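A short write-up of the structure that comes next.
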Amino acid sequence: MITLDLTLPDCRYPIHIGRGLLDRAGELMAPVLPQPRALIVTNDVVAPLYLARLEASLAAAGIQTRAVVLPDGESHKDWQTLNLIFDALIDMRAERKTTLVALGGGVVGDMTGFAAACWQRGAPFVQVPTTLLAQVDSSVGGKTAINHPAGKNMIGAFWQPRLVLADIALLDSLPPRELSAGLAEVFKYGLIGDAGFFDWCEAQAAALMARDADALIHAVRRSCEMKADIVGQDEKEQGVRALLNLGHTFGHAIEAGLGFGVWLHGEAVAAGMLLAADLAAQLGRQSAGELDRIEALLAAVQLPVRAPDLGLDAWLSLMGHDKKVDGGHLRFVVPDGIGRASVESDVDAEALARVLGGRFISR
Ligand code: NAD
Ligand code: GLY
């Protein structure tokens with residue numbers, strides 16, 4: 001087991017990464033739980049796979065549990081489904097010290113975290129991420145939210161978990177499309193801050209797709225190291241944390257524009273990263289060779305390299321709901337070559353229109 005630490009001004013928590021950690025969950029969680037009671041939040045896909053093992057591990061450590069099983073999918077990341085968590089907490093007479101445990105991908109993790117932030121004005125929570133995307137990104141850093149029909153993750157809170165437990169063995173059951181979606185966020189770290197890691201991703205693309213354990217552990221470890229470092233500098237996204245949103249302004253517009261769940265989040269981020277790289281090329285900050293490398297890597301892991309044609313007006317309207325909009329102005333994370341990125345506030349409208357009608361939009 002590898003353990004990383006995320007250190008913030010008023011808290012610090014471990015991120016455990018390894019194979020076979022689910023059966024050690026009770027032993028690893030017990031020290032951080034303020035009382036030996038927990039509500040496990042999961043969904044109807046993950047529950048039949050892993051809920052019983054988590055319950056057994058917590059019971060063996062003397063932790064009493066209840067479980068609530070949500071309907072699966074991004075289209076259920078909403079108020080109605082969130083209320084099922086509160087109903088379960090009321091029903092079990094949970095207290096402020098009762099811990100919420102998220103067992104699932106980013107949807108379950110974001111919703112459980114938001115419920116924990118709200119429950120009695122703030123209850124402890126633990127992340128047990130079961131998708132690659134959740135292990136490399138969403139379980140770390142304390143962003144929690146639900147969607148509004150008009151915009152992704154519009155309603156939420158910053159609320160940090162007490163512990164993250166990433167068991168790579170759980171990825172064995174992940175559908176291939178979901179594995180690819182997680183790799184989009186892995187590649188994002190290379191693009192924004194580590195050219196050597198991007199090189200490694202290119203070299204290891206086939207091994208990652210084959211779920212080679214060493215390759216997956218390295219990918220999760222390096223991604224979590226970078227995320228913990230960035231969040232440690234800027235928990236509330238006043239500066240450098242915005243770089244983690246590379247491709248997301250375009251990607252969130254794709255998700256909301258097509259209807260939540262039609263494209264996976266990681267797929268939308270992949271196509272969005274290419275649009276951001278094309279924007280960088282239009283601004284003279286990305287070479288044709290670098291653009292080709294990004295496209296080739298995404299294609300190598302079966303990610304989409306053409307965004308849907310939403311139409312210029314719809315793109316602009318949807319992106320106008322992005323959380324990075326500041327004073328009515330769109331802001332984009334733009335890669336500067338490979339391994340560096342920055343936030344652009346005054347993007348030339350003509351350059352943006354060329355991107356949204358350009359080579360990375362499907363015809
Ligand atoms: P997801 O949670 O919908 O999971 C993907 C699918 O895989 C679901 O059908 C799920 O039930 C299934 N699944 C989960 N684990 C499985 C397993 N081990 N075996 C088989 N099937 C499994 O999607 P996701 O890609 O994990 O997360 C996407 C969400 O994360 C989006 O809502 C996005 O906004 C959010 N997100 C949040 C942050 C953050 O910082 N909080 C960062 C990135 C993404
Ligand atoms: N996934 C973006 C962030 O955590 O800031």
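Worth knowing before you read on, the calculation uses all heavy atoms, side chains too, and leaves out hydrogens, waters and symmetry mates. Since this is a predicted model, take the numbers as computed values, not measurements. All ligand and atom numbering here is 1-based and tracks the order in the structure. In this chain, numbering begins with 1 at the start of the sequence shown.
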*asked:* If the condition is side-chain contact (heavy atoms from CB on, under 4.5 Å), which residues does I217 pass it with, not counting sequence neighbours?
replied: I2, I168
Write 'none' if nothing qualifies; otherwise put on separate lines each N/O atom of ligand 2 with a protein N/O atom under 3.5 Å away and their distance to 0.1 Å.
from	atom 1	to	atom 2	distance (Å)
ligand 2	1 (N)	D137	OD1	3.2
ligand 2	4 (O)	K227	NZ	2.6
ligand 2	4 (O)	R241	NH2	2.8
ligand 2	5 (O)	K143	NZ	2.9
ligand 2	5 (O)	R241	NE	2.7
ligand 2	5 (O)	R241	NH2	3.4

*In the hydrophobic clustering (ILVMFWY, side-chain contacts below 4.5 Å, transitive), which residues join F114, or is it alone?*
L39, V41, V68, L70, W79, L82, L84, I85, F86, L89, I90, M92, L100, V107, V108, M111, W119, F125, I146, M154, I155, W159
_Within the protein, residues bringing a heavy atom under 4.0 Å of ligand 1, chain by chain_ = N43, V45, V46, L49, Y50, D72, E74, K77, G105, G106, V107, D110, T130, T131, L133, D137, S138, K143, K152, N153, L170, S173, L174, P175, E178, E185, K227, H265
*Residues E95 and Q120: side-chain donor-acceptor under 3.5 angstrom*: no
*Parallel, tilted or perpendicular: ring planes of H252 versus H248, cut at 30 and 60 degrees*: perpendicular
*Strictly by modelled atom types, are T98 and R93 linked by a side-chain donor-acceptor pair under 3.5 Å?*
no
*asked:* Under 4.0 Å between a side-chain nitrogen and a carboxylate oxygen: does that hold for D167 and R24?
replied: no
*Answer whether the closest heavy-atom distance between the side chains of V101 and M29 falls below 4.5 Å.*
yes
*Ring centroid separation for F250 and F332, is it under 6.0 angstrom?*
yes
*asked:* Side chains of T42 and Y50: any donor to acceptor distance under 3.5 Å?
replied: no
